[in-house]
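Notes follow once the structure below has been shown.
Hydrogens, waters and symmetry mates are skipped; everything else that's a heavy atom, side chains included, is used. Because the structure is a prediction, the values reported are computed rather than measured.
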Amino acid sequence: MFSQTKLELKPSIRVALLLSIPCIATLILILSTQIPVFISLILVCLHGLMSYRFISNVALLASPLSIQILQIKNQSIYLEDKSGRRFVAKPLKNTLIHPTFSLLSFDCEPINDLSFQTKSAQNKNSPYQSSSTEIIHIASLDKTTNTKTRTILEKIQHFLPKRILSENRRHLIICRYNAVNSSAFRRIRVWLKFNQ
């Protein structure tokens with residue numbers, strides 16, 4: 001249909017206000033439950049921090065990790081964040097594409113990040129298989145004498161990189177308020193709808 005489309009995103013107060021509605025509703029729910037005050041304060045602080053990071057990253061584009069450019073070129077998707085890093089992106093199944101807005105999730109592979117290239121080169125030379133999100137090194141598991149502890153650490157090692165830590169995953173909310181070019185948004189939306 002088309003060989004190249006580039007969509008630039010801009011910060012949007014309207015998108016931030018829209019995203020703050022479920023955050024405020026969750027905060028009210030936490031405060032209205034009958035739990036000890038100490039636990040409630042911890043939950044409120046965690047929720048406030050996570051909400052701030054999410055809204056500043058996705059809606060206000062205040063973080064260096066915020067995606068500013070989505071580009072489709074030769075049937076491939078490329079993302080670029082504020083710090084200039086580029087990624088080859090693969091859309092996930094939980095994307096929502098609608099004419100008024102789109103919620104997009106991507107698995108990304110960096111293509112110009114020097115720290116990533118250094119890590120991947122070290123991983124090729126290493127006798128152990130490890131990922132960039134690895135927390136527990138296999139060498140430390142070999143020194144563990146207690147089998148129960150070793151089993152728990154192995155489960156954590158395999159669970160965290162796949163389920164919780166998602167540093168190679170990027171999320172975008174695109175609508176008319178944060179898309180610089182509405183025709184590029186329309187073309188990307190059509191491409192994603194028919195090429196998933």
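- Both Val58 and Leu103 sit in one connected hydrophobic cluster of ILVMFWY residues. Membership requires side-chain heavy atoms under 4.5 Å apart, directly or through other members.
- The CG atom of Leu60 lies 11.0 Å from the CZ atom of Phe54; values are rounded to the nearest 0.5 Å.
- When all heavy atoms of Leu96 and Leu104 are compared, the pair lying nearest together is O-CD2, 4.5 Å.
- Note on residues 29-50: no pairs pass side-chain hydrogen bond (donor to acceptor under 3.5 Å, both in side chains), not counting sequence neighbours.
- In this structure Phe101 satisfies the ring pair (Phe, Tyr, Trp, His ring centres under 6.0 Å) test together with His98, sequence neighbours excluded.
- Side-chain contact check for Leu79 versus Cys108: some heavy-atom pair is nearer than 4.5 Å.
- Grouping the Ile, Leu, Val, Met, Phe, Trp and Tyr side chains by contacts below 4.5 angstrom, directly or via other members, places Phe185 apart from Tyr177.
- In the hydrophobic clustering of ILVMFWY residues, with side-chain heavy atoms under 4.5 Å counting as a link, Leu27 and Tyr52 come out apart.
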Between Phe106 and Leu70, does a side chain to side chain contact (heavy atoms under 4.5 Å, CB included) hold up when you go through it step by step?
CA-CA 11 Å; Phe106 298 99; Leu70 186 148; 3.9 Å; yes
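- Smallest separation of non-hydrogen atoms from Asp81 and Ser83: OD1-OG, 2.9 Å.
- Separation of atoms OG1 (Thr95) and NZ (Lys193) is listed at 11.5 Å; rounding is to 0.5 Å.
- Atoms NZ and CG, from Lys10 and Asn178 in turn, are 8.0 Å apart once rounded to the nearest 0.5 Å.
- Side-chain contact of Asn74 with Ser76: a donor-acceptor pair under 3.5 Å is absent, judged by distance alone.
- By the 4.5 Å heavy-atom criterion applied to side chains, Gln75 and Trp191 are counted as neighbours.
- Closest approach of Ile30 and Ile35 over heavy atoms only: O-CD1, 4.4 Å.
- Using a 4.5 Å cut-off on side-chain heavy atoms (C-beta onward), Tyr78 and Lys73 make contact.
- Other residues sharing a hydrophobic cluster with Ile28 under the 4.5 Å side-chain heavy-atom criterion for ILVMFWY residues are Ile24.
- Cluster membership for Ile173 and Ile55, using ILVMFWY side-chain heavy atoms within less than 4.5 angstrom, is shared.
- By the rule that hydrophobic residues join a cluster once side-chain heavy atoms approach within less than 4.5 Å of another member, Leu172 and Ile188 end up as members of one cluster.
- Side chain of Ser63 to backbone of Leu65: a donor-acceptor contact under 3.5 angstrom is found.
- Applying the side-chain hydrogen bond (donor to acceptor under 3.5 Å, both in side chains) rule to pairs touching residues 12-31 yields nothing, sequence neighbours excluded.
- Not counting sequence neighbours, the partners of Ala184 by the side chain to side chain contact (heavy atoms under 4.5 Å, CB included) test are Thr5, Leu7, Asn181, Arg187.
- One N or O on the side chain of Ser66 and one on the backbone of Asn57 form a donor-acceptor pair closer than 3.5 Å.
- Ser102 OG to Leu192 CG: the interatomic distance, rounded to the nearest 0.5 Å, is 7.5 Å.
- Of the listed residues (Arg170, Arg169, Lys90, Lys93), just one forms a salt bridge (charged side-chain N to carboxylate O under 4.0 Å, His left out) with Asp107, and that residue is Arg169.
- Asn195 has its side chain out of reach of Ile72: every pair of non-hydrogen atoms, C-beta onward, lies at least 4.5 Å apart.
- In terms of heavy-atom proximity, Ala179 sits nearest to Leu9 at CA-CD2, 4.4 Å.
- The other members of the hydrophobic cluster of Leu41, by chain and number, are Val37 (side-chain heavy atoms under 4.5 Å, ILVMFWY only).
- Looking only at side-chain heavy atoms (C-beta outward), Leu61 and Ile67 stay at 4.5 Å or farther from each other.
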